[in-house]
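Throughout, a chain's letter reflects where its sequence line sits, starting with A, and its residues are numbered from 1.
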Amino acid sequence: MAQFWKPGTEKPRLLEDEEGGVLFLSAAASTSSGYGYASIEKQRQRLPVHKYRTAILYLVETHATTIIVGETGSGKTTQIPQYLKEAGWAEGGRVIACTQPRRLAVQAVASRVAEEMGVKLGEEVGYTIRFEDLTNPAVTMIKFLTDGVLLREMMDDPLLTKYSVIMVDEAHERSISTDVLLGLLKKIQKRRPELRLIISSATIEAKSMSAFFQTSKRRQSLETREPGLSMEPAILSVEGRGYNVQIYYVEEAVSDYVRAVVSTVLSIHDEEPPGDILVFLTGQDDIDAAVQLISEEARASGKNSSGAKDIALLCSLQQIAWTCPKTVRSSTSLCTNIYIAWLIVLPLYSGLSRSEQDLVFSPTPRGKRKVVISTNIAETSLTLEISDIENLVVAPISKASARQRAGRAGRVRPGKCYRLYTEEYFAKEMSDEGIPEMQRSNLVSCVIQLKALGIDNILGFDWPASPAPEAMIRALEVLYSLGVLDDDAKLTSPVGFQVAEIPLDPMIAKMILSSNQLGCLDEIITIAAILSIQSIWVSARGAQKELDEAKLRFAAAEGDHVTFLNVYKGFLQSGKSSQWCHRNFVNYQAMKKVIDIREQLRRVALRLGLVIKSCEGDMQANVVSCFVDFLDQRNDPQVHFNLLLQNMLLSSVVRKAVTAGFFANASRLEAYSHNGMYKTVRGSQEAYIHPSSVLFRFRPIFAISVVLGRN
DNA sequence: ACTCTTCCA
């Protein structure tokens with residue numbers, strides 16, 4: 001029975017899938033009716049991946065490893081797990097797994113697939129991410145999870161026996177956990193030939209991926225136990241949705257890219273036909289600023305058409321000239337909108353709560369335009385491992401990721417991509433591909449995970465991308481000095497195994513274990529929870545002075561860690577009030593996360609048999625006033641030192657526990673240094689106290705820091 | 001040498 005959209009009712013709409021699949025929603029958003037289901041079926045069949053259904057199932061049947069080269073928009077992520085299930089790979093209690101590098105993608109894809117299958121999320125289709133397990137072991141057949149979660153699962157079940165097929169999605173992103181996972185899966189495959197792997201990857205990476213899963217001929221004959229099963233990886237290419245994306249470059253480099261983003265968004269909004277806008281920026285601060293600026297400008301120009309703001313806006317819009325190299329710029333059929341209420345500006349970054357992130361995926365109301373300002377993939381951060389301190393430098397993205405981003409504009413129809421750099425910059429300055437994370441970052445966590453899985457010969461491990469030997473040795477040194485590894489580079493018992501069990505950076509894990517012995521675990525898990533989120537303070541654009549003053553209310557002479565404790569205590573005493581947070585420049589969302597993570601850590605601690613004990617009695621309540629006195633006399637070094645010593649006694653166990661984890665970062669103020677330069681005790685590496693620290697103006701003689709400045 | 005960065009367990 002056919003149904004048609006009636007004019008005057010809300011139009012049915014197409015939703016863009018995270019991976020390019022398209023979901024059909026009826027106006028009533030009901031998918032239980034036969035009509036809704038049939039439409040979903042039809043939509044599924046229209047995806048490019050659909051005509052490869054038989055081929056994919058055949059390859060998976062006959063090859064241990066299948067590499068799917070899928071352009072964005074092919075629908076592989078949502079469809080392949082369903083094909084596998086339909087073909088019987090989830091029968092007999094087996095589970096089909098599909099990993100993603102990001103939590104948000106896991107949630108989005110899982111709910112999409114559940115919807116397509118017409119089942120309740122958490123039953124036949126479920127997902128697992130940290131803090132959230134929406135699966136039912138008795139009935140879940142398709143399980144989406146982050147690759148980090150799958151790595152954790154290997155600690156309990158090293159051969160991942162419950163899975164029949166594991167699809168590693170977005171493998172071309174080459175995140176550390178994806179790379180480690182691939183290395184381990186290759187090992188598992190030798191023991192479990194019946195396990196099928198599907199690696200989904202972008203074009204450029206497919207060859208090296210295939211080479212990695214190639215087994216040598218000699219071994220192959222020994223290991224193939226299943227007749228008709230090839231250990232040679234198969235490669236299948238699925239084209240994406242072929243919509244054109246027009247690319248524009250700025251004619252001249254922009255100086256202030258946040259401002260350039262604002263102008264560009266507003267001019268797109270003014271000149272282009274309906275369609276949503278996706279913006280990539282580096283980080284939370286820039287995103288918040290851009291969201292605010294766009295909203296302000298839009299409001300100002302809508303409400304007050306003759307105001308000075310309007311003129312300012314027009315000026316800024318005119319500053320950007322675009323060039324479009326290969327296509328002719330279409331200038332006709334532009335409709336002119338009035339901005340104001342028709343623009344919905346939404347930020348997107350991990351620090352947001354789930355409900356805030358969900359807004360991004362909710363359908364755009366008719367007649368409105370959604371602008372999503374998002375992090376990551378935006379301008380990838382580069383981690384340089386210099387001695388024991390992790391340094392992050394913002395580096396330009398690669399051409400590959402620039403192309404991938406442009407592809408996002410062409411999912412459901414032709415799109416446009418405005419690049420805020422010149423064409424020349426793209427051609428000459430940007431590298432073709434990013435460097436795998438494995439080759440540029442801190443390997444401490446990664447090494448300990450492998451050790452915990454019983455991989456003793458870390459240096460001989462078969463990596464998809466070999467890490468730098470120096471970085472590896474550095475990681476082993478740190479773990480050895482933490483007492484996690486013994487002379488033979490084996491995990492120590494119990495400390496090593498316990499540290500591996502705690503889902504945190506090993507230095508933080510060690511801090512937690514030490515606090516157990518010192519009797520201040522209660523305080524330390526609070527500190528650990530706060531250290532694992534971005535920042536507990538609100539972003540301070542334009543209100544730096546107020547923020548600094550607010551910080552002083554909590555600042556402890558002992559430094560940031562004890563300051564965190566004061567904030568946490570105040571938050572609890574306020575009854576977890578959002579108003580309290582607002583008054584004190586504390587980020588309410590961040591504090592809610594802290595409560596969550598802290599609870600998780602408390603459970604981990606109890607499981608490890610630790611005792612949650614507080615050292616409340618040891619601490620004095622008046623650290624705040626103490627700090628203020630100290631500031632007033634900050635020109636007298638002797639007073640500094642005396643006070644520091646005195647304050648050390650106030651919460652010596654907390655400080656001891658922190659030190660037990662972070663001693664490798666201990667630094668000493670350089671004598672005669674007038675700019676506050678420190679050098680690490682171990683490596684004599686230059687360091688500075690970060691200006692956001694309460695100790696920034698303090699300049700204590702010794703500092704134990706989690707993040708030191710870069711040189 | 002008065003400022004910030006993403007993701008994941």
Side-chain angles (χ1 to χ4, degrees), chain A residues 99-106 128-133 145-156 170 173-181 280-289 348-352 374-384 390-395 397 401 434 437-438 440-442 444-446 448-449 452-453 499-506 508-509 528 532-541 544-545 547-548 551 597 600-601 604 670 673-678 686-699 706-711:
Chain A
T99 73
Q100 298 286 321
R102 274 177 291 280
R103 298 160 57 93
L104 195 64
V106 169
T128 308
I129 55 180
R130 185 166 77 154
F131 302 141
E132 238 183 298
D133 183 5
L145 66 177
T146 50
D147 33 28
V149 169
L150 193 59
L151 281 177
R152 284 276 151 188
E153 285 188 2
M154 290 178 68
M155 291 197 181
D156 294 327
E170 313 287 348
E173 282 196 20
R174 309 303 303 271
S175 77
I176 278 205
S177 44
T178 308
D179 272 9
V180 174
L181 186 62
F280 290 99
L281 280 178
T282 45
Q284 187 175 329
D285 259 16
D286 282 346
I287 290 171
D288 288 341
L348 179 63
Y349 46 79
S350 71
L352 294 175
S374 157
T375 51
N376 197 21
I377 321 172
E379 225 155 65
T380 313
S381 304
L382 176 64
T383 313
L384 300 173
E390 202 174 310
N391 283 347
L392 291 153
V393 179
V394 176
I397 57 166
S401 65
E437 195 184 9
M438 180 64 73
R440 59 177 161 81
S441 39
N442 189 333
V444 174
S445 305
C446 162
I448 193 170
Q449 273 196 327
L453 289 168
V499 167
E501 180 112 352
I502 299 174
L504 291 171
D505 181 279
I508 295 183
S532 64
I533 59 155
Q534 317 254 23
S535 166
I536 55 167
W537 306 107
V538 292
S539 162
R541 261 174 203 269
Q544 192 55 55
K545 201 163 154 274
L547 174 63
D548 284 344
K551 270 189 197 173
I597 297 175
Q600 166 91 354
L601 294 179
V604 170
E670 280 292 281
S673 160
H674 51 275
N675 61 359
M677 185 174 80
Y678 285 74
E686 255 186 48
Y688 296 87
I689 293 181
H690 195 277
S692 67
S693 168
V694 296
L695 293 182
F696 178 60
R697 300 161 75 188
F698 234 37
R699 292 186 189 166
V706 181
V707 183
L708 299 174
R710 62 192 184 85
N711 58 348

What's the verdict on side chain to side chain contact (heavy atoms under 4.5 Å, CB included) for S175(A) and D147(A), showing C-alpha distance, side-chain angles and the deciding distance?
-> CA-CA 9 Å; S175(A) 77; D147(A) 33 28; 4.0 Å; yes
From CG of L547(A) across to P of dC4(B) the rounded distance in Å is 15 Å
Separation of dC7(B) atom P from D147(A) atom CG, nearest Å, is 14 Å
When every non-hydrogen atom of V444(A) is compared with those of P506(A), the smallest separation belongs to CG1-CG, 3.3 Å
Between P503(A) and R152(A), the two heavy atoms sitting closest are CA-NH2, 3.7 Å
**Study point:** Phosphate-side-chain proximity, R103(A) and dA9(B), N/O vs OP1/OP2 below 4.0 Å
**Key:** yes
Which of dT3(B), dA9(B), dC8(B) is nearest the side chain of R130(A)? It is dA9(B)
Rounded to whole Å, CH2 of W537(A) lies from P of dT5(B) at a distance of 20 Å
Here the gap from M677(A) atom CE to Y688(A) atom OH, rounded to the nearest 0.5 Å, amounts to 5.5 Å
Per atom distances to the T146(A) side chain, the nearest of dC7(B), dC4(B), dA9(B) is dA9(B)
I689(A) atom CD1 is separated from dA1(B) atom P, nearest whole Å, by 16 Å
**Prompt:** At under 4.0 Å between heavy atoms, what does S692(A) touch on the DNA or RNA strands: base, sugar-phosphate, or nothing?
**Reply:** base
Rounded to whole Å, CG of D548(A) lies from P of dC2(B) at a distance of 14 Å
Taken to the nearest whole Å, CD1/I597(A) to P/dA9(B) is 10 Å
* Asked: Across the strands shown, which category fits L504(A) at heavy-atom distances under 4.0 angstrom: base, sugar-phosphate, nothing?
  -> base
Ranking dA9(B), dC4(B), dC8(B) by distance to the side chain of P503(A), first place goes to dA9(B)
In whole angstroms, the gap separating C1' of dC8(B) from CD1 of I448(A) amounts to 16 Å
To the nearest 0.5 Å, atom OG1 of T178(A) lies from atom CD of Q100(A) at 9.5 Å
Rounded to whole Å, CE of M154(A) lies from P of dC8(B) at a distance of 20 Å
Ranking dT3(B), dA1(B), dC7(B) by distance to the side chain of H690(A), first place goes to dT3(B)
